[in-house]
Number of protein chains: 2
Amino acid sequence: MMLSTHKSEARGPYRWRRRKEARPEEIIEAALALFAEKGFSATRLDDVAKRAGISKGTLYLYFDSKEAIFRAVVETLIGPKLQAIEKRVDEFEGTNQDLLRQLVHGWWQNVGESSLSAIPKLIVSESGNFPELAEYFVKQVVKRSRKVIVHVLERGMEAGEFKKCDAKLAARLLYAPMVQTAIWKHSLNPWDDIGDVPAYLDLHLDVFFHGIASGAVKK
Amino acid sequence: MMLSTHKSEARGPYRWRRRKEARPEEIIEAALALFAEKGFSATRLDDVAKRAGISKGTLYLYFDSKEAIFRAVVETLIGPKLQAIEKRVDEFEGTNQDLLRQLVHGWWQNVGESSLSAIPKLIVSESGNFPELAEYFVKQVVKRSRKVIVHVLERGMEAGEFKKCDAKLAARLLYAPMVQTAIWKHSLNPWDDIGDVPAYLDLHLDVFFHGIASGAVKK
DNA sequence: ACTTAATAACTGACCGGGCGGTTATTTAAT
DNA sequence: ATTAAATAACCGCCCGGTCAGTTATTAAGT
(Lines give C-alpha, C1' and ligand atoms only; values in the text may rest on other atoms or scores of the structure.)
Protein backbone atom coordinates (compact mmCIF):
# COMPACT_ATOMS: atom_id res chain seq x y z
CA MET A 1 0.00 0.00 0.00
CA MET A 2 1.19 3.43 -1.04
CA LEU A 3 4.71 2.73 -2.16
CA SER A 4 6.21 5.77 -3.82
CA THR A 5 2.80 6.63 -5.16
CA HIS A 6 3.60 10.27 -4.83
CA LYS A 7 1.55 12.06 -7.39
CA SER A 8 2.07 10.26 -10.66
CA GLU A 9 5.83 10.42 -11.04
CA ALA A 10 6.48 6.74 -10.60
CA ARG A 11 5.89 6.63 -14.35
CA GLY A 12 8.43 6.60 -17.13
CA PRO A 13 11.66 4.76 -17.73
CA TYR A 14 13.35 6.30 -14.73
CA ARG A 15 14.36 4.48 -11.62
CA TRP A 16 13.84 7.64 -9.65
CA ARG A 17 13.34 11.37 -10.01
CA ARG A 18 14.93 14.41 -8.52
CA ARG A 19 12.42 16.05 -6.22
CA LYS A 20 14.43 18.13 -3.87
CA GLU A 21 11.50 20.20 -2.63
CA ALA A 22 9.07 17.38 -1.93
CA ARG A 23 11.44 15.08 -0.06
CA PRO A 24 11.59 16.62 3.42
CA GLU A 25 7.85 16.70 3.83
CA GLU A 26 7.49 13.13 2.64
CA ILE A 27 10.22 11.97 4.97
CA ILE A 28 8.58 13.71 7.90
CA GLU A 29 5.25 12.18 7.09
CA ALA A 30 6.70 8.70 6.75
CA ALA A 31 8.67 9.08 9.94
CA LEU A 32 5.67 10.21 11.94
CA ALA A 33 3.65 7.25 10.77
CA LEU A 34 6.36 4.80 11.76
CA PHE A 35 7.25 6.52 14.99
CA ALA A 36 3.60 6.40 15.93
CA GLU A 37 3.44 2.72 15.18
CA LYS A 38 6.71 1.43 16.58
CA GLY A 39 8.22 4.17 18.72
CA PHE A 40 11.45 5.98 18.04
CA SER A 41 14.13 3.42 18.85
CA ALA A 42 12.32 0.58 17.16
CA THR A 43 11.81 2.52 13.94
CA ARG A 44 14.44 1.61 11.36
CA LEU A 45 15.69 4.29 9.01
CA ASP A 46 15.50 1.75 6.22
CA ASP A 47 11.78 1.56 6.84
CA VAL A 48 11.36 5.31 6.91
CA ALA A 49 13.22 5.52 3.61
CA LYS A 50 11.19 2.77 2.04
CA ARG A 51 7.94 4.37 3.11
CA ALA A 52 9.06 7.72 1.75
CA GLY A 53 9.94 6.01 -1.51
CA ILE A 54 13.67 6.73 -1.35
CA SER A 55 16.84 5.08 -0.17
CA LYS A 56 18.34 5.40 3.25
CA GLY A 57 21.24 7.44 1.97
CA THR A 58 18.88 10.10 0.71
CA LEU A 59 17.62 10.69 4.22
CA TYR A 60 21.04 12.02 5.06
CA LEU A 61 20.90 14.54 2.27
CA TYR A 62 18.05 16.23 4.09
CA PHE A 63 18.61 15.46 7.76
CA ASP A 64 21.72 15.08 9.84
CA SER A 65 20.54 12.21 11.97
CA LYS A 66 17.61 10.16 13.11
CA GLU A 67 17.08 12.55 15.96
CA ALA A 68 16.97 15.48 13.55
CA ILE A 69 14.11 13.79 11.75
CA PHE A 70 12.30 13.37 15.03
CA ARG A 71 12.81 17.01 15.81
CA ALA A 72 11.57 18.07 12.41
CA VAL A 73 8.41 16.07 12.88
CA VAL A 74 7.62 17.93 16.06
CA GLU A 75 8.69 21.34 14.84
CA THR A 76 6.95 21.43 11.52
CA LEU A 77 3.68 19.78 12.46
CA ILE A 78 2.82 21.32 15.80
CA GLY A 79 3.64 24.98 15.41
CA PRO A 80 0.81 25.77 12.96
CA LYS A 81 -1.78 23.98 15.08
CA LEU A 82 -0.85 25.93 18.17
CA GLN A 83 -0.91 29.19 16.32
CA ALA A 84 -4.42 28.48 15.12
CA ILE A 85 -5.53 27.80 18.68
CA GLU A 86 -4.02 30.99 19.99
CA LYS A 87 -5.77 32.97 17.30
CA ARG A 88 -9.06 31.33 18.05
CA VAL A 89 -8.79 32.21 21.73
CA ASP A 90 -8.11 35.84 20.95
CA GLU A 91 -11.02 36.20 18.61
CA PHE A 92 -13.59 34.19 20.51
CA GLU A 93 -16.76 35.82 21.70
CA GLY A 94 -18.87 33.93 24.19
CA THR A 95 -18.44 32.38 27.60
CA ASN A 96 -15.08 31.07 28.61
CA GLN A 97 -16.65 27.75 29.38
CA ASP A 98 -17.89 27.42 25.83
CA LEU A 99 -14.50 28.38 24.52
CA LEU A 100 -12.78 25.71 26.57
CA ARG A 101 -15.33 23.13 25.55
CA GLN A 102 -14.70 23.96 21.93
CA LEU A 103 -10.96 23.85 22.41
CA VAL A 104 -11.08 20.43 23.99
CA HIS A 105 -13.30 18.94 21.34
CA GLY A 106 -11.44 20.77 18.58
CA TRP A 107 -8.15 19.44 19.84
CA TRP A 108 -9.46 15.93 19.78
CA GLN A 109 -10.73 16.32 16.24
CA ASN A 110 -7.62 17.99 14.86
CA VAL A 111 -4.92 16.32 16.89
CA GLY A 112 -6.35 13.40 18.79
CA GLU A 113 -7.78 11.76 15.76
CA SER A 114 -4.82 12.46 13.50
CA SER A 115 -1.45 10.77 13.57
CA LEU A 116 -0.21 13.81 15.46
CA SER A 117 -1.72 12.23 18.52
CA ALA A 118 1.29 9.92 18.57
CA ILE A 119 3.63 12.74 19.51
CA PRO A 120 2.85 12.94 23.24
CA LYS A 121 3.58 9.27 23.66
CA LEU A 122 6.73 9.61 21.61
CA ILE A 123 8.02 12.49 23.67
CA VAL A 124 7.21 10.79 26.94
CA SER A 125 8.78 7.54 25.85
CA GLU A 126 11.98 9.04 24.53
CA SER A 127 12.46 11.90 26.96
CA GLY A 128 15.14 9.99 28.79
CA ASN A 129 17.17 9.31 25.69
CA PHE A 130 16.66 12.68 24.03
CA PRO A 131 16.51 15.27 26.79
CA GLU A 132 17.08 18.21 24.47
CA LEU A 133 14.02 17.22 22.53
CA ALA A 134 11.97 16.89 25.69
CA GLU A 135 13.10 20.30 26.79
CA TYR A 136 12.19 21.79 23.46
CA PHE A 137 8.79 20.16 23.55
CA VAL A 138 8.00 21.38 27.04
CA LYS A 139 8.97 24.91 26.17
CA GLN A 140 7.42 25.15 22.74
CA VAL A 141 4.34 23.02 23.19
CA VAL A 142 3.45 22.17 26.79
CA LYS A 143 4.00 25.53 28.40
CA ARG A 144 2.71 27.43 25.43
CA SER A 145 -0.50 25.40 25.42
CA ARG A 146 -0.98 25.67 29.13
CA LYS A 147 -0.50 29.41 28.95
CA VAL A 148 -3.50 29.63 26.67
CA ILE A 149 -5.67 27.54 28.97
CA VAL A 150 -4.55 29.39 32.07
CA HIS A 151 -5.38 32.63 30.35
CA VAL A 152 -8.92 31.55 29.57
CA LEU A 153 -9.42 30.10 33.04
CA GLU A 154 -8.27 33.28 34.73
CA ARG A 155 -10.46 35.36 32.45
CA GLY A 156 -13.34 33.18 33.57
CA MET A 157 -12.44 33.52 37.23
CA GLU A 158 -12.36 37.28 37.02
CA ALA A 159 -15.68 37.28 35.22
CA GLY A 160 -17.11 35.25 38.10
CA GLU A 161 -17.71 32.38 35.74
CA PHE A 162 -15.37 30.01 37.60
CA LYS A 163 -14.43 29.64 41.23
CA LYS A 164 -11.03 31.11 42.03
CA CYS A 165 -8.33 28.50 42.35
CA ASP A 166 -4.83 27.76 41.15
CA ALA A 167 -5.31 28.18 37.41
CA LYS A 168 -2.14 26.28 36.57
CA LEU A 169 -3.28 23.21 38.44
CA ALA A 170 -6.78 23.55 37.04
CA ALA A 171 -5.33 23.71 33.54
CA ARG A 172 -3.47 20.48 34.17
CA LEU A 173 -6.69 18.90 35.34
CA LEU A 174 -8.46 20.06 32.23
CA TYR A 175 -6.04 18.56 29.74
CA ALA A 176 -4.96 15.50 31.70
CA PRO A 177 -7.75 13.27 30.36
CA MET A 178 -7.15 14.53 26.83
CA VAL A 179 -3.46 13.87 26.81
CA GLN A 180 -3.96 10.62 28.66
CA THR A 181 -6.40 9.49 26.02
CA ALA A 182 -3.98 10.34 23.23
CA ILE A 183 -1.24 8.39 24.95
CA TRP A 184 -3.58 5.49 25.57
CA LYS A 185 -4.64 5.44 21.97
CA HIS A 186 -1.08 4.73 20.95
CA SER A 187 -0.28 2.21 23.62
CA LEU A 188 -2.87 0.16 25.43
CA ASN A 189 -5.89 0.89 23.28
CA PRO A 190 -5.87 -2.49 21.53
CA TRP A 191 -6.46 -4.20 24.87
CA ASP A 192 -8.47 -1.52 26.61
CA ASP A 193 -10.45 0.54 24.16
CA ILE A 194 -11.90 3.76 25.45
CA GLY A 195 -14.68 3.68 22.92
CA ASP A 196 -16.52 6.94 22.37
CA VAL A 197 -13.90 9.55 23.17
CA PRO A 198 -16.13 12.62 22.63
CA ALA A 199 -18.58 11.16 25.12
CA TYR A 200 -15.75 10.68 27.57
CA LEU A 201 -14.59 14.23 27.06
CA ASP A 202 -18.15 15.48 27.47
CA LEU A 203 -18.44 13.76 30.81
CA HIS A 204 -15.10 15.22 31.78
CA LEU A 205 -16.16 18.72 30.78
CA ASP A 206 -19.46 18.43 32.63
CA VAL A 207 -17.80 17.25 35.79
CA PHE A 208 -14.99 19.73 35.52
CA PHE A 209 -17.07 22.83 34.91
CA HIS A 210 -19.63 21.94 37.48
CA GLY A 211 -16.80 21.27 39.86
CA ILE A 212 -15.11 24.62 39.47
CA ALA A 213 -18.28 26.62 38.93
CA SER A 214 -19.37 26.70 42.52
CA GLY A 215 -18.37 26.45 46.15
CA ALA A 216 -16.66 23.06 46.42
CA VAL A 217 -13.14 24.24 45.83
CA LYS A 218 -11.13 25.17 48.87
CA LYS A 219 -9.26 28.44 49.02
CA MET B 1 25.93 5.32 44.76
CA MET B 2 24.83 1.94 45.99
CA LEU B 3 27.05 -0.31 43.98
CA SER B 4 26.77 -3.91 45.07
CA THR B 5 26.14 -2.74 48.60
CA HIS B 6 23.97 -5.72 49.32
CA LYS B 7 24.26 -6.38 52.98
CA SER B 8 27.94 -6.68 53.77
CA GLU B 9 29.02 -9.55 51.58
CA ALA B 10 31.37 -7.64 49.36
CA ARG B 11 33.78 -8.21 52.22
CA GLY B 12 36.11 -11.06 52.85
CA PRO B 13 38.57 -12.96 50.69
CA TYR B 14 35.83 -14.03 48.29
CA ARG B 15 35.30 -12.56 44.88
CA TRP B 16 31.65 -13.52 45.21
CA ARG B 17 29.25 -15.65 47.17
CA ARG B 18 26.57 -18.11 46.25
CA ARG B 19 23.25 -16.55 47.09
CA LYS B 20 20.71 -18.38 45.04
CA GLU B 21 17.76 -17.08 47.04
CA ALA B 22 18.62 -13.42 47.16
CA ARG B 23 19.53 -12.94 43.51
CA PRO B 24 16.17 -12.72 41.78
CA GLU B 25 14.87 -9.99 44.04
CA GLU B 26 18.04 -7.99 43.69
CA ILE B 27 17.95 -8.32 39.95
CA ILE B 28 14.35 -7.19 39.83
CA GLU B 29 15.09 -4.22 41.99
CA ALA B 30 18.08 -3.19 39.92
CA ALA B 31 16.17 -3.66 36.69
CA LEU B 32 13.26 -1.53 37.86
CA ALA B 33 15.57 1.28 38.83
CA LEU B 34 17.28 1.27 35.44
CA PHE B 35 14.11 0.75 33.45
CA ALA B 36 12.64 3.72 35.28
CA GLU B 37 15.62 5.82 34.44
CA LYS B 38 16.36 4.86 30.85
CA GLY B 39 13.42 2.90 29.53
CA PHE B 40 13.47 -0.72 28.47
CA SER B 41 15.36 -0.70 25.17
CA ALA B 42 18.00 1.70 26.40
CA THR B 43 18.72 -0.33 29.51
CA ARG B 44 21.78 -2.54 29.07
CA LEU B 45 21.86 -5.90 30.74
CA ASP B 46 25.46 -5.22 31.67
CA ASP B 47 24.24 -2.28 33.70
CA VAL B 48 21.50 -4.29 35.36
CA ALA B 49 24.05 -6.90 36.32
CA LYS B 50 26.51 -4.34 37.61
CA ARG B 51 23.84 -2.68 39.71
CA ALA B 52 22.74 -6.02 41.11
CA GLY B 53 26.37 -6.75 41.96
CA ILE B 54 26.73 -9.70 39.63
CA SER B 55 27.85 -10.46 36.10
CA LYS B 56 25.68 -10.50 33.05
CA GLY B 57 25.89 -14.25 32.71
CA THR B 58 24.37 -14.70 36.14
CA LEU B 59 21.23 -12.93 34.98
CA TYR B 60 20.61 -15.84 32.68
CA LEU B 61 20.76 -18.32 35.51
CA TYR B 62 17.61 -16.73 36.88
CA PHE B 63 15.79 -15.31 33.86
CA ASP B 64 15.42 -16.48 30.30
CA SER B 65 15.65 -13.12 28.63
CA LYS B 66 15.56 -9.40 29.08
CA GLU B 67 11.84 -9.45 28.54
CA ALA B 68 11.42 -12.07 31.25
CA ILE B 69 13.08 -9.69 33.69
CA PHE B 70 10.68 -6.98 32.64
CA ARG B 71 7.77 -9.27 33.19
CA ALA B 72 9.02 -10.34 36.60
CA VAL B 73 9.29 -6.71 37.65
CA VAL B 74 5.65 -6.15 36.87
CA GLU B 75 4.40 -9.42 38.24
CA THR B 76 6.16 -9.52 41.54
CA LEU B 77 5.84 -5.90 42.55
CA ILE B 78 2.29 -5.00 41.63
CA GLY B 79 0.24 -7.97 42.71
CA PRO B 80 0.65 -7.43 46.47
CA LYS B 81 -0.20 -3.75 46.21
CA LEU B 82 -3.41 -4.43 44.39
CA GLN B 83 -4.41 -7.10 46.81
CA ALA B 84 -3.98 -4.69 49.71
CA ILE B 85 -6.19 -2.16 47.96
CA GLU B 86 -8.91 -4.69 47.32
CA LYS B 87 -8.86 -5.73 50.93
CA ARG B 88 -9.08 -2.15 52.08
CA VAL B 89 -12.11 -1.51 49.93
CA ASP B 90 -13.90 -4.52 51.30
CA GLU B 91 -13.28 -3.61 54.90
CA PHE B 92 -13.84 0.11 54.69
CA GLU B 93 -16.56 1.75 56.70
CA GLY B 94 -17.45 5.30 55.87
CA THR B 95 -18.61 7.27 52.86
CA ASN B 96 -17.56 6.13 49.46
CA GLN B 97 -16.15 9.56 48.77
CA ASP B 98 -13.83 9.29 51.73
CA LEU B 99 -12.76 5.87 50.60
CA LEU B 100 -11.90 7.10 47.15
CA ARG B 101 -10.05 10.07 48.56
CA GLN B 102 -8.02 7.75 50.72
CA LEU B 103 -7.35 5.41 47.82
CA VAL B 104 -6.08 8.22 45.63
CA HIS B 105 -3.81 9.66 48.24
CA GLY B 106 -2.74 6.23 49.39
CA TRP B 107 -1.86 5.26 45.86
CA TRP B 108 0.28 8.29 45.48
CA GLN B 109 2.11 7.58 48.72
CA ASN B 110 2.64 3.89 48.09
CA VAL B 111 3.08 3.82 44.36
CA GLY B 112 3.45 7.33 43.02
CA GLU B 113 6.31 8.22 45.30
CA SER B 114 8.08 4.87 44.99
CA SER B 115 10.02 3.60 42.03
CA LEU B 116 6.95 1.58 41.10
CA SER B 117 5.60 4.77 39.61
CA ALA B 118 7.90 4.11 36.67
CA ILE B 119 5.91 1.13 35.54
CA PRO B 120 3.04 2.93 33.81
CA LYS B 121 5.46 4.85 31.67
CA LEU B 122 7.38 1.69 30.93
CA ILE B 123 4.32 -0.19 29.84
CA VAL B 124 3.07 2.64 27.71
CA SER B 125 6.44 3.15 26.09
CA GLU B 126 7.10 -0.47 25.32
CA SER B 127 3.60 -1.67 24.54
CA GLY B 128 4.33 -1.65 20.83
CA ASN B 129 7.40 -3.82 21.15
CA PHE B 130 6.05 -6.17 23.80
CA PRO B 131 2.37 -6.64 23.13
CA GLU B 132 2.06 -9.71 25.32
CA LEU B 133 3.29 -7.72 28.26
CA ALA B 134 0.89 -4.90 27.53
CA GLU B 135 -1.93 -7.36 27.36
CA TYR B 136 -0.93 -8.91 30.63
CA PHE B 137 -0.69 -5.52 32.28
CA VAL B 138 -4.10 -4.41 31.07
CA LYS B 139 -5.72 -7.58 32.29
CA GLN B 140 -3.94 -7.95 35.61
CA VAL B 141 -3.55 -4.33 36.59
CA VAL B 142 -5.61 -1.84 34.63
CA LYS B 143 -8.90 -3.70 34.50
CA ARG B 144 -8.51 -5.09 37.96
CA SER B 145 -7.87 -1.62 39.39
CA ARG B 146 -10.69 -0.05 37.48
CA LYS B 147 -13.04 -2.74 38.68
CA VAL B 148 -12.40 -1.68 42.24
CA ILE B 149 -13.03 1.98 41.48
CA VAL B 150 -16.15 1.23 39.47
CA HIS B 151 -17.42 -0.85 42.34
CA VAL B 152 -17.02 1.97 44.82
CA LEU B 153 -18.49 4.52 42.44
CA GLU B 154 -21.56 2.40 41.79
CA ARG B 155 -21.97 1.76 45.46
CA GLY B 156 -21.95 5.52 45.93
CA MET B 157 -24.44 6.06 43.14
CA GLU B 158 -26.88 3.62 44.62
CA ALA B 159 -26.47 5.22 48.00
CA GLY B 160 -27.41 8.55 46.42
CA GLU B 161 -23.96 9.83 47.22
CA PHE B 162 -23.00 10.38 43.59
CA LYS B 163 -24.98 11.31 40.55
CA LYS B 164 -25.70 8.39 38.25
CA CYS B 165 -23.45 8.27 35.23
CA ASP B 166 -21.25 5.85 33.32
CA ALA B 167 -19.12 4.52 36.14
CA LYS B 168 -16.45 3.17 33.82
CA LEU B 169 -15.88 6.56 32.26
CA ALA B 170 -16.02 8.23 35.64
CA ALA B 171 -13.41 5.81 36.94
CA ARG B 172 -11.15 6.76 34.05
CA LEU B 173 -11.64 10.40 34.91
CA LEU B 174 -10.74 9.74 38.50
CA TYR B 175 -7.42 8.07 37.89
CA ALA B 176 -6.38 9.93 34.75
CA PRO B 177 -4.62 12.74 36.65
CA MET B 178 -2.95 10.22 38.93
CA VAL B 179 -1.57 8.07 36.19
CA GLN B 180 -0.71 11.11 34.13
CA THR B 181 1.27 12.50 37.03
CA ALA B 182 3.18 9.26 37.47
CA ILE B 183 4.04 9.21 33.79
CA TRP B 184 5.03 12.84 33.90
CA LYS B 185 7.26 12.25 36.87
CA HIS B 186 9.32 9.84 34.81
CA SER B 187 9.45 11.85 31.63
CA LEU B 188 9.00 15.59 31.49
CA ASN B 189 9.19 16.41 35.15
CA PRO B 190 12.72 17.83 34.96
CA TRP B 191 11.50 20.54 32.63
CA ASP B 192 7.96 20.93 33.90
CA ASP B 193 7.72 20.12 37.57
CA ILE B 194 4.26 19.62 38.95
CA GLY B 195 5.34 20.62 42.41
CA ASP B 196 3.00 19.70 45.23
CA VAL B 197 1.30 16.57 43.95
CA PRO B 198 -1.01 16.00 46.94
CA ALA B 199 -2.30 19.55 46.50
CA TYR B 200 -2.92 18.82 42.86
CA LEU B 201 -4.75 15.61 43.74
CA ASP B 202 -6.78 17.46 46.36
CA LEU B 203 -7.94 19.99 43.80
CA HIS B 204 -8.76 17.15 41.48
CA LEU B 205 -10.76 15.34 44.15
CA ASP B 206 -12.62 18.48 45.14
CA VAL B 207 -13.55 19.26 41.56
CA PHE B 208 -14.38 15.69 40.76
CA PHE B 209 -16.64 14.98 43.71
CA HIS B 210 -18.40 18.27 43.51
CA GLY B 211 -18.82 17.63 39.82
CA ILE B 212 -20.47 14.26 40.19
CA ALA B 213 -22.28 14.98 43.44
CA SER B 214 -25.01 17.08 41.95
CA GLY B 215 -27.01 17.91 38.87
CA ALA B 216 -24.46 18.92 36.27
CA VAL B 217 -24.00 15.51 34.73
CA LYS B 218 -26.22 14.65 31.86
CA LYS B 219 -28.09 11.39 31.71
C1' DA C 1 18.45 19.58 -33.13
C1' DC C 2 22.09 16.91 -31.40
C1' DT C 3 26.04 15.80 -28.61
C1' DT C 4 28.73 16.44 -24.70
C1' DA C 5 30.11 18.17 -20.40
C1' DA C 6 28.92 19.47 -15.69
C1' DT C 7 26.14 19.17 -11.76
C1' DA C 8 23.32 17.58 -8.23
C1' DA C 9 19.97 14.03 -6.59
C1' DC C 10 19.95 9.53 -5.36
C1' DT C 11 21.43 4.73 -4.52
C1' DG C 12 22.82 0.65 -1.90
C1' DA C 13 26.67 -1.98 -0.41
C1' DC C 14 29.40 -1.57 3.36
C1' DC C 15 31.32 -0.79 8.15
C1' DG C 16 31.87 -0.73 12.97
C1' DG C 17 30.25 -0.44 17.47
C1' DG C 18 26.93 -1.92 20.63
C1' DC C 19 24.38 -5.23 22.89
C1' DG C 20 21.48 -9.52 23.79
C1' DG C 21 22.54 -13.90 24.52
C1' DT C 22 25.98 -18.30 25.12
C1' DT C 23 29.43 -21.13 27.09
C1' DA C 24 33.96 -22.80 28.70
C1' DT C 25 36.08 -22.03 32.83
C1' DT C 26 36.80 -20.72 37.65
C1' DT C 27 35.44 -20.62 42.39
C1' DA C 28 32.66 -21.33 46.56
C1' DA C 29 30.35 -24.66 49.21
C1' DT C 30 29.62 -29.26 51.14
C1' DA D 1 35.63 -35.05 45.19
C1' DT D 2 31.63 -33.37 43.59
C1' DT D 3 28.27 -30.10 42.61
C1' DA D 4 26.35 -25.78 41.76
C1' DA D 5 26.93 -20.70 41.46
C1' DA D 6 29.07 -17.21 39.14
C1' DT D 7 32.25 -15.35 35.82
C1' DA D 8 34.07 -13.16 31.62
C1' DA D 9 35.46 -13.87 27.23
C1' DC D 10 33.10 -14.61 23.27
C1' DC D 11 29.69 -14.67 19.23
C1' DG D 12 26.83 -12.83 15.80
C1' DC D 13 23.31 -9.87 14.45
C1' DC D 14 21.44 -5.54 13.89
C1' DC D 15 21.20 -0.88 12.54
C1' DG D 16 22.72 4.11 12.36
C1' DG D 17 25.62 6.28 9.58
C1' DT D 18 29.01 6.71 5.35
C1' DC D 19 30.59 7.08 0.73
C1' DA D 20 31.95 5.68 -3.87
C1' DG D 21 29.50 5.17 -7.64
C1' DT D 22 25.11 5.78 -10.73
C1' DT D 23 21.51 8.29 -12.97
C1' DA D 24 18.43 12.20 -13.93
C1' DT D 25 18.66 16.97 -15.12
C1' DT D 26 20.51 21.12 -16.88
C1' DA D 27 23.76 23.94 -19.54
C1' DA D 28 27.07 24.61 -23.02
C1' DG D 29 28.96 23.82 -27.33
C1' DT D 30 28.48 22.86 -32.39
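Labels below follow one simple rule: chain letters A, B, ... track the order of the sequence lines, proteins then strands, and each chain is numbered from 1.
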Between [atom2] on [N] and [atom1] on [X], what's the gap in Å once rounded to a whole number?
X: B:Lys50; N: D:dT7; atom1: NZ; atom2: P; result: 13 Å
X: A:Asp47; N: D:dC14; atom1: CG; atom2: P; result: 13 Å
X: B:Asp46; N: C:dG21; atom1: CG; atom2: P; result: 12 Å
X: B:Phe63; N: C:dG20; atom1: CZ; atom2: C1'; result: 16 Å
X: A:Asn129; N: C:dC19; atom1: CG; atom2: C1'; result: 15 Å
X: B:Tyr60; N: D:dA8; atom1: OH; atom2: P; result: 17 Å
X: B:Leu45; N: C:dG18; atom1: CG; atom2: P; result: 16 Å
X: A:Lys66; N: D:dT18; atom1: NZ; atom2: P; result: 15 Å

* In residues 69-77 of chain B, which residues come under 4.0 Å of DNA chain D by heavy atom? -> none
Got a list of protein N/O to nucleotides 10-15 of chain C N/O distances below 3.5 Å?
from: C:dC10; atom 1: OP1; to: A:Arg17; atom 2: O; distance (Å): 3.0
from: C:dC10; atom 1: OP1; to: A:Arg19; atom 2: N; distance (Å): 2.7
from: C:dC10; atom 1: OP1; to: A:Arg23; atom 2: NE; distance (Å): 2.8
from: C:dC10; atom 1: OP1; to: A:Arg23; atom 2: NH2; distance (Å): 2.9
from: C:dC10; atom 1: OP2; to: A:Tyr62; atom 2: OH; distance (Å): 2.4
from: C:dT11; atom 1: OP2; to: A:Ser55; atom 2: N; distance (Å): 2.6
from: C:dT11; atom 1: OP2; to: A:Ser55; atom 2: OG; distance (Å): 2.9
from: C:dT11; atom 1: OP2; to: A:Thr58; atom 2: OG1; distance (Å): 2.5
from: C:dT11; atom 1: O5'; to: A:Ser55; atom 2: OG; distance (Å): 3.3
from: C:dG12; atom 1: OP1; to: A:Arg15; atom 2: NH1; distance (Å): 3.3

Compute whether any side-chain donor of one residue and acceptor of the other, for [X] and [Y], lie under 3.5 angstrom apart.
X: B:Gln97; Y: B:Arg101; answer: yes
X: A:Ser125; Y: B:Ser125; answer: yes
X: A:Gln180; Y: B:Arg172; answer: no

* So which pairs with a foot in residues 44-65 of chain A pass ring-ring contact (aromatic ring centres under 6.0 Å, His included), sequence neighbours left out? -> none
* Angle between terminal axes - the helix from C:dA1-D:dT30 to C:dT30-D:dA1, 5 pairs each end, rounded to 10° -> 10°
Check nucleotides 3-5 of chain C against the protein and report each pair of N or O atoms closer than 3.5 Å, with its distance, or say if there are none.
none

* **D:dC14 phosphate, OP1 or OP2, under 4.0 Å from A:Arg44 side-chain N/O** => no
* Please name the residue in the list A:Asn110, A:Val111, A:Leu103 that meets the side-chain contact (heavy atoms from CB on, under 4.5 Å) test with A:Trp107. => A:Val111
* **Listed partners of A:Lys56 passing salt bridge (charged side-chain N to carboxylate O under 4.0 Å, His left out), at least two apart** => A:Asp46
* To do: Dump the intermediate steps for side chain to side chain contact (heavy atoms under 4.5 Å, CB included) on B:Ile78 and B:Ile119, then the final yes or no.
  => CA-CA 9 Å; B:Ile78 292 193; B:Ile119 290 181; 4.0 Å; yes
* Asked: Hey, are B:Lys147 and B:Glu86 close enough for a salt bridge, meaning a charged N less than 4.0 Å from a carboxylate O?
  -> no
* **A:Arg19/A:Glu26 ion pair, N-O < 4.0 Å** => yes
Do [X] and [Y] make a side-chain contact, defined as non-hydrogen atoms from C-beta onward lying under 4.5 Å apart?
X: A:Ile123; Y: A:Phe130; value: no
X: B:Tyr200; Y: A:Asp166; value: no
X: A:Pro131; Y: B:Trp191; value: yes

* Do B:Lys139 side-chain atoms and B:Arg144 backbone N/O form a donor-acceptor pair below 3.5 Å? -> no
* **Any donor-acceptor pair under 3.5 Å from A:Ser117 side chain to A:Gly112 backbone** => yes
